[in-house]
Q: 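Below are the structure tokens for one structure; questions will follow.
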Amino acid sequence: MGEYLLGIDIGTSACKIAVFNREGHVMAAGSGDYPVYYPHPGWAEQDPDEWWDAICRTIPSVLEKAGIEPEEIKGIGIDGQSWSAIPVDREGNVLAKTPIWMDTRAADICEEYNRKIGEKRIFDLCGNSLQPSYTTAKIIWYRKSFPEMYKKIWKILQSNSYIAFRLTGVVSQDLSQGYGLHCFDMRKGVWDSEMCRELGFSEEILPEICPCHEIIGTVTPEAAAQSGLAEGIPVAAGGLDAACGTLGAGVIHSGETQEQGGQAGGMSICTDTYRADERLILGFHVVPGHWLLQGGTTGGGGVMRWLEKELGAFEREEGKRQGKSSLDLFNEEAAAVPPGSDGLIFLPYMAGERTPIWDPDAKGVYYGIDFGKTKGHFIRAAMEGTAYALKHNLDVAAQAGAGVSVLRAMGGAANSLLWTQIKSDITGKPIIVPSSDTATTLGAALLAGVGIGMYKDFDEAVGLTVREKRCHEPDPEKAALYEKDYETYIELYQQLKGIMKKRGGR
């Protein structure tokens, strides 16, 4: 019998599941999708039970594809999207859909508590400003909006800890997801009881914090029957998707940096020093003794998925004829357009924006449309706009003292050679692309591998499993052209943010 690790990724549009051997080779992978619900303006929520159902549908097919028996899985690691607020009662029932990271319904609550407690006091404790996207305001929103439901809450769980709970029956809170709550002491990695009281909720609804690679329990008979796994498999606490992806991209030492191109965009700079900036996000890495200074944008690979869905009917049909994907054809159309998209500039604020502007009312904008613009212009401008957002975050990080020399890319966007080169040209940074398309699930699996002792430490885990596929170097001539358009990109938001605020995100 072999020995394998299973990684589970709770993404925004789908769960991704992959089986790895000790050397990090993907034995098989699969995904199961589920919806995002948008019942009101500013709301974006998901049903955690639909995550579990998708996982249970996907695991058997992945094991079958790999030709692996359930008993050969020796450890399970789970990563998940940030800033969930999953309310469960003592029987483990989910009491409401969870607002996800794109949800901004609690903007007024943030303004209220920033005044009541003080922005500086909040930031000094947790290293992050109080924003509606985070878990904190969502808990307060539950209390104010659904007081009867709130009384039934036993624990508030994160995306990965909910799936860990379904697998093991054990409630947990991993260290890397603590940053979503503003009662979390970012220096010590513990809950602050006094801040819990000031925020108006009990520390009792928050699970005990544990290291991300800690084995919290094993697969129960009930979970085994539902998922196709074997009873008794050890399950690690897991962590934030961006942090696990950072591990899976090989970023484990101070100064190393991951660039993210999943549904969301952004970057994560590994540091062994507490380094907070109100414009960015600070959280613990899944690797002990390190933090991640992060930029998180709403416009990443999701922008291209939206464009493909709304404008890609021809490419979908033509792709079938040519044996290509619609996104490959999108790349070809964008490559035919010169750098700078002939003056077409895109603001990728598709669900408000997170770092570094923290504006829930921000909207996506195309500027510079004229009769000469083609679909290829719109596609390339979208690629460039998300790259400008990345540069904006890197510039702010440099101002905070966290300079970056090289980026290590992960996420589906890294499969596009054009898009990755555009990011390199716009940021002026070399970009290394690891060989695996499954960096996030690999990172989750490595947590389990370290937790069960398959690897002696994270250095051994990364050394055995992470390989480099290609490297993109920035083109100085294109960088000079892009710098001018980047200035316009920044100015466009500054000129439009008043209108966006006045219209309340409409």
Side-chain angles (χ1 to χ4, degrees), residues 257-261 264-269 277 279-280 293-304 307 334-335 337-350 352-359 362-370 373 376-400 402-407 409 413-414 416-431 472-500:
T257 304
Q258 168 259 100
E259 181 270 318
Q260 179 175 324
M267 53 78 187
S268 297
I269 304 171
D277 187 288
R279 297 166 292 178
L280 298 174
L293 185 62
Q294 299 174 287
T297 69
T298 63
V303 170
M304 204 55 58
L307 278 172
V337 174
S341 301
D342 292 322
L344 186 65
I345 295 174
F346 176 63
L347 302 186
Y349 309 146
M350 301 297 286
E353 183 56 306
R354 298 188 290 170
T355 66
I357 63 173
W358 291 113
D359 186 349
K363 302 295 286 185
V365 174
Y366 274 106
Y367 168 80
I369 301 172
D370 57 41
K373 298 301 185 290
H377 284 86
F378 284 85
I379 298 167
R380 185 176 187 116
M383 292 177 170
E384 291 171 345
T386 58
Y388 291 138
L390 173 62
K391 175 176 170 56
H392 196 182
N393 279 286
L394 289 170
D395 287 353
V396 170
Q399 294 166 18
V404 171
S405 56
V406 178
L407 300 173
S416 168
L417 274 66
L418 173 64
W419 202 349
T420 308
Q421 187 60 50
I422 286 171
K423 290 177 180 177
S424 179
D425 293 338
I426 285 177
T427 63
K429 310 292 183 186
I431 298 181
H472 296 253
E473 294 287 342
D475 183 324
E477 291 185 10
K478 293 178 182 176
L481 181 152
Y482 280 131
E483 187 63 36
K484 295 179 180 178
D485 284 349
Y486 175 65
E487 292 173 4
T488 303
Y489 168 90
I490 295 295
E491 186 177 358
L492 277 172
Y493 170 69
Q494 293 300 324
Q495 294 291 332
L496 291 172
K497 67 179 181 180
I499 296 174
M500 294 173 178

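Reckoned from all heavy atoms, side chains included, excluding hydrogens, waters and symmetry mates.
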Q: Would the distance check show the side chain of Trp419 and the main-chain N or O of Met383 forming a donor-acceptor pair, the cut-off being under 3.5 Å?
A: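 Yes: the side chain of Trp419 pairs with the backbone of Met383.
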Q: Could you grab the distance from atom CD1 of Ile357 to atom NE2 of His392, nearest 0.5 Å is fine?
A: 7.5 Å
Q: Taking atom CG of Leu407 and atom OG1 of Thr257, what is their separation to the nearest 0.5 Å?
A: 6.0 Å
Q: Sub-3.5 Å donor-acceptor pair from the side chain of Thr386 to the main-chain atoms of Gly300, do we have one?
A: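 A pair under 3.5 Å: no.
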Q: Could you check whether atom CD of Gln494 has more than 12 heavy atoms from other residues, nucleotides or ligands sitting under 6.0 Å from it?
A: yes
Q: Using atom types as modelled and distance alone, determine if a side-chain donor or acceptor of Glu384 lies under 3.5 Å from a backbone N or O of Gly340.
A: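 Between the backbone of Gly340 and the side chain of Glu384 there is a qualifying donor-acceptor contact (under 3.5 Å).
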Q: Using every non-hydrogen atom in the two residues, find where Tyr366 and Phe378 come nearest and quote the distance to one decimal.
A: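 Reported closest heavy-atom pair: OH-O, 2.9 Å.
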Q: Any donor and acceptor pair, going by atom type alone, linking the side chain of Gln421 with main-chain N or O of Glu473 inside 3.5 Å?
A: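 Side chain of Gln421 to backbone of Glu473: a pair is present.
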Q: Determine the minimum heavy-atom distance between Thr420 and His472, stating which atoms define it.
A: CG2-CD2, 3.5 Å
Q: Do side-chain atoms of Thr298 reach the backbone of Gly352 as a donor and acceptor pair under 3.5 angstrom?
A: yes
Q: Can you tell me how the ring of Tyr388 sits relative to the ring of Tyr486, calling it parallel under 30°, perpendicular over 60° and tilted otherwise?
A: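 Tyr388 and Tyr486: tilted rings.
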Q: I'd like to know if the side chain of Asp395 pairs up with that of Gln399 as donor and acceptor (distance under 3.5 Å, no hydrogens or angles considered).
A: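 No, Gln399 and Asp395 have no side-chain donor paired with an acceptor closer than 3.5 Å.
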Q: Measure across Leu307 and Ala382 and return the closest heavy-atom pair with its distance rounded to 0.1 Å.
A: CD1-CB, 3.6 Å
Q: Identify, with sequence neighbours excluded, every residue that meets salt bridge (Lys or Arg N to Asp or Glu O under 4.0 Å) alongside Asp359.
A: none
Q: Step through the shown structure and confirm whether more than 12 heavy atoms of other residues, nucleotides or ligands are within 6.0 Å of OH on Tyr367.
A: no
Q: Quick one: which residue pairs count as a salt bridge (Lys or Arg N to Asp or Glu O under 4.0 Å) with a foot in residues 480-494, not counting sequence neighbours?
A: Lys391-Glu483
Q: Using side-chain contact (heavy atoms from CB on, under 4.5 Å) as the criterion, point out the one residue from Val337, Leu344, Asp342 that pairs with Arg380.
A: Val337
Q: Looking only at heavy atoms, what is the nearest atom pair of Gly266 and Leu390, with distance?
A: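 So the minimum-distance heavy-atom pair works out to O-CD1, 3.7 Å.
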